[in-house]
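Just so we're on the same page: letters track the sequence lines, and every chain starts at 1.
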Number of protein chains: 2
Amino acid sequence: MRSEGLEKVTMRRLAQELDTGPASLYVYVANTAELHAAVLDALLGEVELPADRSGTGWREDLVAALTSYTRLLFEHPQLARSALVARPSGANYLDLVERLLRLLSRSGAPREQVAWGVDNLLQYATATAAEHGTQESDPTSRDDWDALTRAAHGVDESEHPMIKAHLPALLSGTQDARLSWGFDLVINGILHTPVPHATV
Amino acid sequence: MRSEGLEKVTMRRLAQELDTGPASLYVYVANTAELHAAVLDALLGEVELPADRSGTGWREDLVAALTSYTRLLFEHPQLARSALVARPSGANYLDLVERLLRLLSRSGAPREQVAWGVDNLLQYATATAAEHGTQESDPTSRDDWDALTRAAHGVDESEHPMIKAHLPALLSGTQDARLSWGFDLVINGILHTPVPHATV
DNA sequence: ACCTGAACACCGTTCAAGT
DNA sequence: ACCTGAACACCGTTCAAGT
């Protein structure tokens, strides 16, 4: 069950790689979602997440860990999409969650905010990778730019004045700049949003 | 191209619904992603988003509009998943973006923050729907609970103390409570996170 | 010119039959 | 008991042939 350089992780492809029929895989996993979760966890095990640098603040370490995870997902957008609908639960994933909880706790935020917050951080990382992840460098993806981009240029001033006014900002920023702004946004949001009293 | 009660929106299914071959659809759309975007936009046109209630604050109206959009996506998780990887660009979607920009602008936040922020709000709504959207009420989805839930109960105190400590909070809260907390989180994050100077 | 039947190249999952 | 070949029920997309 080693994670080779498989492009599209598929029951049939993996079975072929293993010189057997696709039915055999169902001895180990119940369905494709579980297969993807297992592969993702294996990849997570091969990546060395940056260690917490004792000299720096929790925030930098938190962003570093998230960035590292996101980079992995960016290279496997298919796994990111799977992880979005069925959260992984492998040992390496739990290690990541453990670490994120520890780092975010150092912010001093209440435990409930930390718990719910980590969920949102992981969702943001996963969704962004699913959205923008390198889709096998398809030549069609050149104009596959955000659909908004295409639509935006033909926007009617009188019908959508706000879009027109925000256009430069809507399209500005590199992918990296937006990703790290997004991490900051979610972290700041966590720190500033108490969980409703009744739910705890 | 009316949007009937189609469960799984598929090239072949839709073609059959229209008493023709699947090839015929390629006259109107280039691929499945475009088909899904078109269907989503049509559905968006049939939903009446709650009007801005003049007596209330921008924040309530913003959350109401987002909730309405999210509810629609929850009923069509497949479309949510498509919308995540290829943002729609139909007229009704642009209307939604226009409105979100207008409402968030009333917060007084700088234009760049508003523009980038709306993107994150839409991503959060879409990702949440893709993640938790009613998957055709499959009987298997009863224990399809968050994988974390299953894994969590067998968590080793010494190996993952933070997960153990946060366990109740990690699993607490209804779906609705978490969704609206998430909207608050993103909104608060937008208000507190200036976009980097260089990118504007 | 426009539409589409039929074919191609894939999928996930199941189950009866084999070892 | 464990594994798996072969079949079933789907997919998206293309293209040559028809009107």
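- Nucleotide C:dC10 holds its C1' atom 11 Å from the CD atom of A:Q16, rounded to whole Å.
- A donor-acceptor pair under 3.5 Å links the side-chain atoms of A:H166 to the main chain of A:M162, judged by distance alone.
- For C:dT13, the OP1/OP2 oxygens have a side-chain nitrogen or oxygen of A:T32 closer than 4.0 Å.
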message: Could you spell out the base pairing of DNA chain D as a dot-bracket line? Use Watson-Crick and G-U wobble contacts where both distances are under 3.5 Å, [ ] for crossing pairs, | for partners on a different strand.
response: ||.|||||...|||||.||
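- Nearest to the side-chain atoms of B:V27 among the listed nucleotides D:dC3, C:dT4, D:dT13 stands C:dT4.
- Atoms CE (B:M11) and P (C:dT4) sit 15 Å apart, rounded to a whole Å.
- If you take NZ of A:K8 and P of C:dA9, they are 15 Å apart, rounded to a whole angstrom.
- With respect to the salt-bridge test (charged N to carboxylate O, under 4.0 angstrom), the residues A:D119 and A:R87 qualify.
- In this structure a side-chain-to-backbone donor-acceptor pair under 3.5 Å is missing from B:W58 to B:G108.
- At whole-Å resolution of the value, CG in A:L25 and P in C:dT13 are 11 Å apart.
- Note: CG (B:L14) to P (C:dT4) measures 13 Å, nearest angstrom.
- With sequence neighbours left out, A:R111 forms a salt bridge (charged side-chain N to carboxylate O under 4.0 Å, His left out) with no residue at all.
- For C:dC3, the OP1/OP2 oxygens have no side-chain nitrogen or oxygen of B:T20 closer than 4.0 Å.
- Ring geometry, A:H192 versus B:H192: the interplanar angle falls under 30°, so the pair is classed parallel (tilted spans 30 to 60°).
- Regarding contacts with the backbone of C:dC11, a side-chain N or O of A:R13 is found under 4.0 angstrom from either OP1 or OP2.
- Between the CG atom of A:N31 and the C1' atom of C:dC11 there is a distance of 14 Å, given to the nearest Å.
- Heavy atoms of other residues, nucleotides or ligands lying less than 6.0 angstrom from CD of B:Q16 number 12 at most.
- In this structure, B:R12 places its CZ atom 9 Å from C1' of D:dT13, rounding to the nearest Å.
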message: Output one letter per nucleotide in nucleotides 14-19 of chain D: B when a protein non-hydrogen atom lies under 4.0 Å from the base, S when only the sugar-phosphate is that close, - when neither is.
response: BB----
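- Taking atom P on both nucleotides, C:dC10 is separated from D:dA9 by 22 Å, rounded to a whole Å.
- The backbone N or O of B:A169 lies less than 3.5 Å from a partner atom in the side chain of B:S172, making a donor-acceptor pair.
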